[in-house]
Amino acid sequence: MAQPDDFGFSEEAALLKQSARKLFSEHFSAGTLHQLVAADSNPRREPDVQWDQTLWQQMVDLGWTLLAVPEAQGGVGMPLVGVAGLVEEAGRAAFPCPLLSTLAASYILAAAGAGAEDALADIAGGATAALVIANEHGSWTAAETPVSADGEALNGRGYYVQDAGKVSHLLVCAQTDGGPALYWLPVASEGVAVQQDAIVDLTRDQAHIDFKGAPARQVTADATAALAQAMPAVWTLYAADMVGAGEWQLQTTVEYVNQRQQFDKPLGFFQAVKHPLVNVMVMIDQAKSLVYNAACAVDCEPQKAARYAHMAQASASEMAAFASSRSVQMHGGIGFTWECYVHLFFKRQKHSEMLWGDAVWHRARLAELMIDEAA
């Protein structure tokens with residue numbers, strides 16, 4: 001099935017995106033974010049989990065956590081292109097919440113087959129989830145997961161678990177005699193210990209999790225196949241988050257340079273300021289086009305989804321780095337201060353840029369796919 005000219009971005013998807021932007025603009029400004037997560041500027045403070053659970057409940061009530069759950073399990077089953085629009089707005093607000101982690105887990109569970117139906121029903125009933133797969137070196141490859149399963153008891157330590165302090169359930173990739181498998185369990189299960197990590201991104205939390213005989217339910221014996229099918233959707237959503245944050249950085253910086261005066265003229269008058277910002281705009285537009293292209297491929301051309309998702313992640317990662325550097329630079333001396341909101345988005349972008357592999361990693365995987373296809 002060929003991709004439609006509009007990427008399949010329906011009226012329903014447009015309304016969802018508009019409603020998300022309205023919700024965040026009315027209830028969660030950058031000032032609110034800064035007060036919530038950056039009230040303490042002490043770099044040696046203990047890591048904590050700060051988020052607006054009241055606003056999050058509104059998002060749950062609106063059905064946002066159900067978008068990636070198939071209709072058969074009580075979800076919405078919305079095309080990925082519509083979900084990407086929502087995530088873009090969440091990234092623009094940098095809202096601390098487990099939305100991305102839950103959507104990612106939902107796509108993996110949906111790819112896991114019949115054994116994951118109960119877990120998907122849990123999410124449809126209000127559960128949130130985070131993926132546990134990475135080892136201490138940051139590898140997200142299923143075969144290198146540091147967690148093992150003895151029957152349905154999990155042991156080991158999982159690293160770099162996103163939103164671990166906000167979710168109710170864990171989707172764990174664990175080694176078995178038959179290869180990597182996926183398991184589902186509540187965070188509050190006996191034998192599960194969550195230890196928060198100190199990370200630069202104040203809008204997210206991350207943890208390493210110890211499993212000591214933790215009881216879990218297997219959802220599929222073939223984690224590798226489920227992850228291979230679902231990861232293009234996951235990469236695409238994280239790229240959409242970077243696009244949204246980049247849009248905030250550009251808009252905020254343009255507003256600042258048009259207000260700040262130097263030599264009796266706005267800073268934006270000078271070519272050394274406006275030309276780099278035009279480059280930021282071009283990079284955002286490029287990354288955004290690739291994000292919706294990748295999302296549409298997941299919906300319409302799954303055989304091309306991995307290729308396009310690598311392209312979207314590579315472009316979004318480079319854009320995130322450039323937009324972050326220009327936003328700080330163009331704010332001048334205040335841009336380096338804790339009181340200036342741009343540091344929150346700078347740090348979020350840096351975390352997102354590296355989380356699922358940077359631009360170099362994704363282009364290397366893209367090259368491997370194309371060489372394999374040519375061969």
Side-chain angles (χ1 to χ4, degrees), residues 21 23-52 55 88-97 100 197-206 238 240-284 287 316-355:
R21 180 173 295 193
L23 178 70
F24 291 127
S25 65
E26 292 179 352
H27 300 287
F28 201 76
S29 66
T32 302
L33 172 65
H34 198 274
Q35 184 178 8
L36 178 66
V37 302
D40 185 0
S41 61
N42 179 9
R44 296 179 178 82
R45 66 190 180 284
E46 291 295 319
D48 56 4
V49 182
Q50 299 289 347
W51 58 308
D52 186 340
L55 185 56
E88 184 184 339
E89 294 304 320
R92 181 193 290 268
F95 182 63
C97 69
L100 258 178
D197 299 329
I199 60 173
V200 68
D201 183 1
L202 300 178
T203 67
R204 295 190 176 109
D205 72 278
Q206 175 182 288
Y238 276 87
D241 184 275
M242 285 187 273
V243 167
E247 290 172 334
W248 183 93
Q249 291 172 314
L250 176 62
Q251 178 183 350
T252 301
T253 306
V254 169
E255 290 174 355
Y256 180 80
V257 300
N258 283 330
Q259 294 172 1
R260 185 77 165 87
Q261 297 280 323
Q262 187 71 33
F263 304 112
D264 296 325
K265 294 183 182 296
L267 284 177
F269 169 83
F270 301 100
Q271 291 184 352
V273 173
K274 60 185 173 184
H275 285 187
L277 291 179
V278 169
N279 291 335
V280 172
M281 181 189 72
V282 171
M283 293 182 74
I284 290 173
S317 294
E318 288 189 334
M319 176 278 297
F322 186 69
S324 296
S325 67
R326 293 309 85 195
S327 67
V328 171
Q329 184 72 24
M330 298 309 172
H331 274 78
I334 196 173
F336 292 86
T337 66
W338 188 267
E339 289 75 17
C340 185
Y341 303 153
V342 294
H343 77 92
L344 297 175
F345 288 81
F346 186 107
K347 295 168 182 176
R348 183 182 180 92
Q349 292 284 56
K350 182 56 65 177
H351 187 96
S352 298
E353 179 190 348
M354 305 303 296
L355 182 60

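Small disclaimer: the values here were computed from a predicted structure and weren't measured. The figures that follow rest on heavy atoms only: side chains count, while hydrogens, waters and symmetry mates do not.
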Taking atom [atom1] of [X] and atom [atom2] of [Y], what is their separation to the nearest 0.5 Å?
{"X": "M354", "Y": "D201", "atom1": "CE", "atom2": "CG", "value": "13.5 Å"}
{"X": "Q35", "Y": "Q50", "atom1": "CD", "atom2": "CD", "value": "11.0 Å"}
{"X": "I284", "Y": "N279", "atom1": "CD1", "atom2": "CG", "value": "11.0 Å"}
{"X": "L23", "Y": "F28", "atom1": "CG", "atom2": "CZ", "value": "10.5 Å"}

* With respect to M330, which candidate in V257, V254, V280 satisfies the side-chain contact (heavy atoms from CB on, under 4.5 Å) definition? ->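 So, applying the side-chain contact (heavy atoms from CB on, under 4.5 Å) to M330 and each of V257, V254, V280, only V257 qualifies.
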* Among all residues two or more places apart in sequence or in another chain, which pass the salt bridge (charged side-chain N to carboxylate O under 4.0 Å, His left out) test with D241? ->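 Partners of D241 under the salt bridge (charged side-chain N to carboxylate O under 4.0 Å, His left out) test: R204, R348.
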* Mark yes or no for whether D197, through its side chain, and I199, through its backbone, hold a donor-acceptor pair below 3.5 Å. =>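 The answer is no, because no donor-acceptor pair under 3.5 Å joins these two groups.
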* Asked: What pairs of residues pass the side-chain hydrogen bond (donor to acceptor under 3.5 Å, both in side chains) test when at least one of them lies in residues 334-347, not counting sequence neighbours?
  ->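 Output for this query lists H34-H343, H343-K347.
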* To do: Can you see which heavy atom on G335 is nearest to which on C340, and at what distance?
  =>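 Minimum heavy-atom separation between G335 and C340: CA-SG, 4.1 Å.
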* All side-chain contact (heavy atoms from CB on, under 4.5 Å) counterparts of V328, not counting sequence neighbours ->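 Partners of V328 under the side-chain contact (heavy atoms from CB on, under 4.5 Å) test: F336, V342, F346.
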* Asked: Which residue pairs satisfy the salt bridge (charged side-chain N to carboxylate O under 4.0 Å, His left out) criterion with at least one member in residues 26-37, sequence neighbours excluded?
  ->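 Counting only pairs at least two positions apart or across chains, no salt bridge (charged side-chain N to carboxylate O under 4.0 Å, His left out) contact touches residues 26-37.
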* Do any pairs count as a salt bridge (charged side-chain N to carboxylate O under 4.0 Å, His left out) and have a residue in residues 28-37, sequence neighbours left out, and if so which ones? ->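 Counting only pairs at least two positions apart or across chains, no salt bridge (charged side-chain N to carboxylate O under 4.0 Å, His left out) contact touches residues 28-37.
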* Hey, are the side chains of L33 and P96 touching, using non-hydrogen atoms and a 4.5 Å cut-off? ->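 They are in contact (side-chain heavy atoms under 4.5 Å apart), so the answer is yes.
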Distance-only donor-acceptor pairs under 3.5 Å for side chains of residues 242-252, two or more places apart:
residue, atom, partner, partner atom, Å
E247, OE1, R92, NH2, 2.8
E247, OE2, K288, NZ, 3.0
Q249, OE1, Q349, NE2, 3.2
Q249, NE2, S324, OG, 3.0
Q251, NE2, E255, OE2, 3.3
T252, OG1, W248, O, 2.9

* Take the angle between the ring planes of F95 and F24 and call it parallel below 30°, perpendicular above 60°, tilted in between. =>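 Taking F24 first and then F95, their aromatic rings sit tilted (interplane angle of 30° to 60°).
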